[in-house]
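Below is one structure, written out as structure tokens; comments come after it.
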Amino acid sequence: MGLKINVGTVALLLLLALYAANAQSGVFDITKYGGKSNGDITQAVTKAWQGACQTAGKSKVVIPKGTYRMGAVQFNGPCKGRIEFQIQGTVQAPGDRSYFKSGSWVNFQRINGFTLSGGGTFDGKGSSVWGKRSCSGIKYCGDLPISLRFDFISNGLIQGITSLDSKQFHINLLGCKNVTFQHVNIIAPRTSPNTDGIHIGRSSGIRIIDTKIATGDDCVSIGDGSRDILVQRVTCGPGHGISVGSLGKYSNEEPVVGVKVVDCTLTNTQNGVRIKTWPNSYSGTASNIHFENLLMKNVDRPIYVNQAYCPWNQCKAQSPSKVKISDVTFKNIKGTANTREAVTLVCSKAVPCQKVLLSDIDIQYHGKDGRPTFQCTNIKPMLSGKQNPSPCTVK
Ligand SMILES: *[C@@H]1O[C@H](CO)[C@@H](O)[C@H](O)[C@H]1NC(C)=O
């Protein structure tokens with residue numbers, strides 16, 4: 001009798017536990033909303049999101065394995081509980097640019113407690129627009145949609161996903177707090193215009209860790225209002241490197257404070273680590289920025305501060321930048337340059353760089369046009385440890 005009750009009780013408890021877990025975990029699979037492989041899932045995924053977002057406790061949106069088409073979508077919060085978006089398959093953007101109205105393809109907005117995971121791929125189908133009409137590679141392609149936009153996300157984790165061939169930026173952050181990216185893959189051809197990997201703006205507590213970025217523009221760019229940013233164990237290449245900026249183009253830009261770029265490898269990139277500000281600019285500041293333990297492999301300009309940044313000839317580089325750069329370290333940076341310009345520090349005549357330290361730099365250059373250079377303009381860097389190339393003469 002005792003045994004019988006025990007088995008029954010255990011079974012009943014198990015059933016109750018399963019039921020409770022199911023009700024609590026709220027799985028919203030797009031196939032339950034009519035989503036089919038090789039079909040358009042715009043409606044299905046929107047409905048699944050709405051269901052999940054209105055669920056208290058934990059909930060999950062699932063895009064199972066398979067290939068799907070998806071138009072521009074907005075996943076808006078606030079939601080009633082923590083929400084996970086699991087993409088296991090591949091979703092493809094429409095090829096035609098006229099389809100997009102909001103400047104983004106996939107937009108997550110105003111969510112507190114958010115995970116994006118699942119091992120799947122966002123395919124932006126960028127090759128259908130790169131190099132077309134106004135977007136020929138010399139002009140700015142700002143009107144094309146960004147693949148993944150995160151606006152006002154707090155306490156988020158984005159892991160194990162791939163962004164392929166975005167039309168413009170792959171990933172953009174605005175107003176985010178405490179968001180970690182890890183094991184993210186970003187892929188686009190070297191020649192794809194304006195395909196920045198991850199752009200951070202007006203956000204704090206952002207970590208980009210163990211991430212691979214191969215793209216046509218900056219791998220990571222850190223814009224105004226960025227605070228407490230960590231970029232660690234990121235590989236970049238091809239691409240334009242890891243950048244702070246560009247800064248000073250707009251009025252009311254917020255300071256960039258507290259950036260660490262550590263343990264990264266840059267391969268065949270246009271720049272290694274860079275700080276860029278526009279000439280003839282609005283005022284601003286960039287401080288407490290640290291580049292440490294970096295490996296450069298065949299990088300055009302491995303260490304580069306450029307306060308006369310002016311792509312696409314949009315400005316007359318006559319009056320100097322008013323963005324103040326201070327408290328910057330370049331430490332233990334090794335490898336090879338692809339041009340003579342191994343270390344180039346071009347600061348502003350109006351606000352010279354202050355407290356910039358270079359320590360243990362060893363950048364080789366094997367080209368036939370001479371030895372590698374270390375150029376300083378409007379800066380007196382502090383130096384320690386090994387210096388190759390030999391530093392600019394500090395007057
Ligand atoms: C930051 O976000 C992560 C992921 O959602 C969360 O686990 C962690 O508790 C948050 N940290 C803080 C200090 O809120």
Side-chain angles (χ1 to χ4, degrees), residues 20-21 23-29 45 48-63 73-88 104 106-122 146-163 170-186 197-213 220-223 225-234 254-264 288-290:
Q24 251 189 4
S25 68
V27 176
F28 295 83
D29 188 314
V45 76
W49 176 266
Q50 283 160 357
C53 189
Q54 279 151 27
T55 302
K58 284 186 180 177
S59 63
K60 201 193 270 185
V61 173
V62 178
I63 301 178
V73 280
Q74 293 218 341
F75 301 115
N76 295 336
C79 297
K80 289 193 172 153
R82 205 187 153 87
I83 196 158
E84 178 167 0
F85 194 108
Q86 218 177 67
I87 169 174
Q88 298 164 4
S104 64
V106 182
N107 186 192
F108 294 97
Q109 253 196 69
R110 297 179 199 282
I111 309 159
N112 181 6
F114 172 69
T115 303
L116 174 61
S117 64
T121 298
F122 293 92
I146 290 168
S147 270
L148 299 169
R149 225 184 226 279
F150 298 93
D151 297 335
F152 308 101
I153 305 294
S154 299
N155 305 315
L157 174 64
I158 288 95
Q159 66 176 359
I161 57 143
T162 296
S163 172
H170 289 267
I171 294 172
N172 190 82
L173 276 74
L174 175 71
C176 294
K177 286 196 179 103
N178 180 28
V179 175
T180 298
F181 289 79
Q182 59 185 15
H183 302 289
V184 169
N185 254 309
I186 293 176
I198 303 178
H199 178 77
I200 303 168
R202 308 225 164 176
S203 296
S204 63
I206 308 302
R207 287 171 287 274
I208 302 172
I209 303 169
D210 295 311
T211 283
K212 281 189 197 165
I213 306 175
V220 177
S221 55
I222 299 167
S226 298
R227 289 167 184 268
D228 184 19
I229 309 295
L230 174 68
V231 178
Q232 187 170 29
R233 293 189 299 274
V234 166
E254 293 172 13
V256 174
V257 187
V259 175
K260 269 191 187 171
V261 177
V262 293
D263 311 324
C264 295
N288 196 355
I289 297 169
H290 306 285

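In listed order, ligands and their atoms are each counted from 1. Quick note: residue numbers are just sequence positions, from 1. Being a predicted model, the structure only gives us computed values, none of them experimental.
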- Message: Please enumerate all residues that pass ring pair (Phe, Tyr, Trp, His ring centres under 6.0 Å) together with Phe114, with sequence neighbours excluded.
- Response: Phe108
- Query: Is there a donor in the side chain of Ser221 and an acceptor in the side chain of His199, or the other way round, less than 3.5 Å apart?
  - Reply: yes
- Query: Which protein non-hydrogen atom lies closest to atom 11 (N) of ligand 1, naming both residue and atom, and how far is it?
  - Reply: Asn178 ND2, 2.9 Å
- Does Ser203 reach the main-chain N or O of Gly201 with its side chain, forming a donor-acceptor pair under 3.5 Å? yes
- Message: Would you say atom 2 (O) of ligand 1 makes contact with the protein, given that contact here means a non-hydrogen protein atom less than 4.0 Å away?
- Response: yes
- Item | atom 5 (O) of ligand 1 within contact range, any protein heavy atom under 4.0 Å | yes
- Consider every N or O of Asn155 and every N or O of ligand 1, then say whether any pair is closer than 3.5 Å. yes
- Task: Applying side-chain hydrogen bond (donor to acceptor under 3.5 Å, both in side chains), name anything that partners Gln50, two or more places apart in sequence or on another chain.
- Result: none
- Item | For Arg82, atoms of ligand 1 separated by under 4.0 Å from a heavy atom | 5 (O)
- Query: Is any side-chain N of the basic residue among Lys58 and Glu84 closer than 4.0 Å to the acidic one's carboxylate O?
  - Reply: no
